[in-house]
Structures are given as C-alpha cells and as structure tokens.
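Data first, discussion second: the structure below is written as structure tokens.
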Amino acid sequence: MKTLAVISRKGGAGKTTLSINLILSAYQAGWKTLLADIDPQRSASDALRARAEPGPALAEITAGKLFHTRSQAAHDAYDVMLIDTPAAPDADVVLAVNSADLCLLVCRPTFLDIASAARSAEMIRRLGKAGLIVLNQAPSKRGGLEPASMRQAIEALRFCGLPIAPVGLRSRTIYQQAIARGLSVGEWDAQAPAVQEIDRLWSHLAALLALDDRGRDARAV
Ligand SMILES: Nc1ncnc2c1ncn2[C@@H]1O[C@H](COP(=O)(O)OP(=O)(O)OP(=O)(O)O)[C@@H](O)[C@H]1O
Ligand SMILES: [Mg+2]
C-alpha cells in the first residue's frame, strides 16, 4: 500500500480540493482506495458523503489514529491511502508526514504561501520523507506564457529543496462546482481543461509511487 499525505500549513491552499481529485483518480484507475480525513473541519468527508456514486472508503479519524488506520488498511489490502490534513496543529501534520510514503505540499503562488511552504519543506526533509510541491490556484497562462507571479513562485520554490510537480492546478471554478457534489472534475465535465491537469498529475504520482497497471492487473488475477 502507498500512503500520500496532502499538507500545507496555510489554510485554504487547496489540500482538500487536491485530496478529493487525487483519491478519485486513484479510485477510477481501479485501485482500492481510502481517504483518511484527520481535519476536524471534515471537509473531505463532507465532499465524499455528497457523492451519489460509489467511491473511495472514508476514515474520519484523529491524527492519533493514523498509525492504526494505516496498519488496518494495509491488512485489508488497500492500494492507496491518502491523508487530508488540517493546517494546524503542527503535531498532527507531523504525524501525517511520518505516515506517508510521499508528501504533497500544496502551495499557492503567493509570497505568504511560499514562505510557509519553505518551512514545511524543511520539516519534510528533517523527517527524512519524500516530498513534492504542487502549485494550486495558479493564474492561467497568457498568450501561452506563465504570468510573472508564476515564474517568480517557481523560482522561489526552487530553494525549498523539494521537487516541484511538473503540472499544477490552475484557478478554475470547476474545482468548486465538482467538489460540492463529491465529484472529480472529470466526472463533472470530461472535456474541461482541469481534467488534463489532474490526469497528468495523477500519472506523475502513480509513476513516483510505482503504482503501475501491471501491479493492479496482477492483483486482480
Ligand atoms: N484550483 C482551484 N481553483 C478554484 N478554486 C479552488 C482551487 N483550489 C481550491 N479552491 C477553493 O479554495 C477554497 C479552499 O480550498 P480547500 O478547502 O481545498 O483548501 P484547504 O487547504 O483544504 O483548506 P483548509 O486549510 O481549511 O483545510 C475552497 O473554496 C475551494 O473550492
Ligand atoms: Mg481542507
């Protein structure tokens, strides 16, 4: 089983939006999936409960239950467990990072998010964990070029010592519409440009985590 932790100590960076879309990508790829919601706000749980369709399993737990939940999920042959975390307290974020094979550090391309991300990246490295920065709520390209704010953000994030995902999420209302029904952006509108960014990001993560189709097919026989 592979465990992902989605973190950002800045509130509202997009942890839950990314968590829901990625766990649904994994689910739709045929993996046995579990979303562990350790945020007392329970936003990810609200989203998954709004789903009319079948979907990933949900564990609404405290951070203190992560170790047990992860062991149980591995025992129950889950393939992917994704942890949606709160912005605080730090102790809960540390427990999530320590439970993860890969930490996704969500960051908007703004000065305050980048400063916060630099500190979180340092924490991930100190704990000896693998991390990847995912830019979210990015402004759209203009004339095929990244806006200055994006170029500056990418430049500043290079000093964090963690790789930046080759694809981030743009600011798009479809993310807000789809999550209200517990749907991925692809389920909401298969033709929307957001679908490509989520698909490309999931493919990148699946490759990093060695979640290839051969593994799943082997499990199915
Ligand atoms: N790429 C995006 N485009 C447009 N809106 C977005 C995007 N990502 C997130 N949002 C919106 O921004 C708000 C915050 O997103 P979200 O709840 O996912 O952040 P969060 O990091 O989980 O917040 P919290 O720290 O409260 O848990 C929500 O209203 C969400 O719909
Ligand atoms: Mg959240």
Side-chain angles (χ1 to χ4, degrees), residues 4-25 35-51 56 58-63 66 81-97 100 103-110 112-117 119-121 123-124 131-141 146-147 149-150 153-154 164-189 192-202 204-205:
L4 285 161
V6 178
I7 72 161
S8 146
R9 289 185 286 179
K10 265 267 166 274
K15 297 175 287 294
T16 300
T17 302
L18 187 65
S19 295
I20 291 292
N21 278 282
L22 290 180
I23 200 69
L24 287 170
S25 295
L35 190 144
D37 185 0
I38 65 162
D39 185 350
Q41 229 180 164
R42 299 288 184 236
S43 299
S45 306
D46 287 343
L48 282 189
R49 268 201 301 266
R51 262 182 95 73
L58 172 65
E60 294 179 73
I61 54 170
T62 57
L66 264 177
M81 170 169 152
L82 185 148
I83 309 164
D84 185 21
T85 67
D90 277 359
D92 286 4
V93 181
V94 166
L95 283 170
V97 169
C103 303
L104 301 181
L105 180 44
V106 187
C107 181
R108 289 167 294 202
T110 67
L112 293 178
D113 266 48
I114 293 166
S116 166
R119 282 190 283 273
S120 297
M123 183 254 279
I124 292 169
L132 183 70
I133 298 169
V134 180
L135 278 162
N136 184 35
Q137 301 186 45
S140 297
K141 284 187 179 172
E146 289 292 357
S149 62
M150 276 294 281
I154 291 166
I164 304 172
V167 53
L169 279 53
R170 304 277 169 187
S171 190
R172 305 181 193 275
T173 48
I174 187 173
Y175 285 109
Q176 301 168 9
Q177 295 167 319
I179 206 166
R181 300 270 170 84
L183 298 176
S184 66
V185 285
E187 289 172 308
W188 183 267
D189 176 1
V195 181
Q196 279 182 29
E197 57 200 20
I198 291 293
D199 284 354
R200 284 180 55 209
L201 181 59
W202 171 249
H204 183 72
L205 296 176

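Counting starts at 1 for both ligands and their atoms, in listed order. The residues of the chain are indexed from 1 along the displayed sequence. Since we're looking at a predicted model, the values are computed, not measured.
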Do [X] side-chain atoms and [Y] backbone N/O form a donor-acceptor pair below 3.5 Å?
X	Y	result
Thr85	Val93	no
Arg108	Gly12	yes
Asp113	Pro109	no
Arg9	Ala87	no
Lys15	Ser8	yes

Test item: side-chain donor near acceptor, Arg170 and Ser140, under 3.5 Å: no
Non-hydrogen atoms of Gly12 versus ligand 1: any pair closer than 4.0 Å? yes
Answer with yes or no whether Ser8 contacts ligand 1, where contact means a heavy atom under 4.0 Å from a ligand atom. no
Give the atom numbers and elements of ligand 1 that come within less than 4.0 Å of a heavy atom of [X].
X	answer
Gly11	25 (O)
Thr17	8 (N), 9 (C), 15 (O), 16 (P), 18 (O), 30 (C)
Gly14	15 (O), 16 (P), 18 (O), 19 (O), 20 (P), 21 (O)
Arg170	1 (N), 2 (C), 3 (N)

Thr16 N/O/S atom closer than 2.8 Å to the Mg ion (ligand 2): yes
Give yes or no for whether the N/O distance cutoff of 3.5 Å, strictly under, is met between [X] and ligand 1.
X	answer
Asp84	no
Thr16	yes
Ala13	yes
Ala87	no
Tyr175	no
Arg172	yes
Ile179	no
Lys15	yes

Quick one: are [X] and [Y] in side-chain contact, heavy atoms under 4.5 Å?
X	Y	answer
Val185	Ile179	no
Met81	Ile23	no
Leu22	Leu82	yes
Ile124	Leu105	yes

Heavy-atom distance from [atom] to the protein below 4.0 Å?
atom	value
atom 18 (O) of ligand 1	yes
atom 28 (C) of ligand 1	no
atom 14 (C) of ligand 1	yes

Is ligand 1 under 4.0 Å from a heavy atom in the side chain of Asp39, in the backbone, in both, or in neither? side chain
CD (Gln196) with more than 12 external heavy atoms under 6.0 Å: no
min-distance protein heavy atom vs atom 8 (N) of ligand 1 -> Asn136 ND2, 3.0 Å
Which heavy atom of the protein is the closest neighbour of atom 12 (O) of ligand 1, given with residue, atom name and distance? Gln137 NE2, 3.6 Å
Side chain to side chain donor-acceptor pair (under 3.5 Å) partner of Ser45, the single match among Thr16, Asp84, Asp37: Asp37
Run the salt-bridge test on Arg181 and Glu187 with the 4.0 Å N-O cut-off and return the result as yes or no. no
Should one rank Gln41, Arg42, Gln176 by closest heavy-atom distance to atom 6 (C) of ligand 1, which comes out on top? Gln176
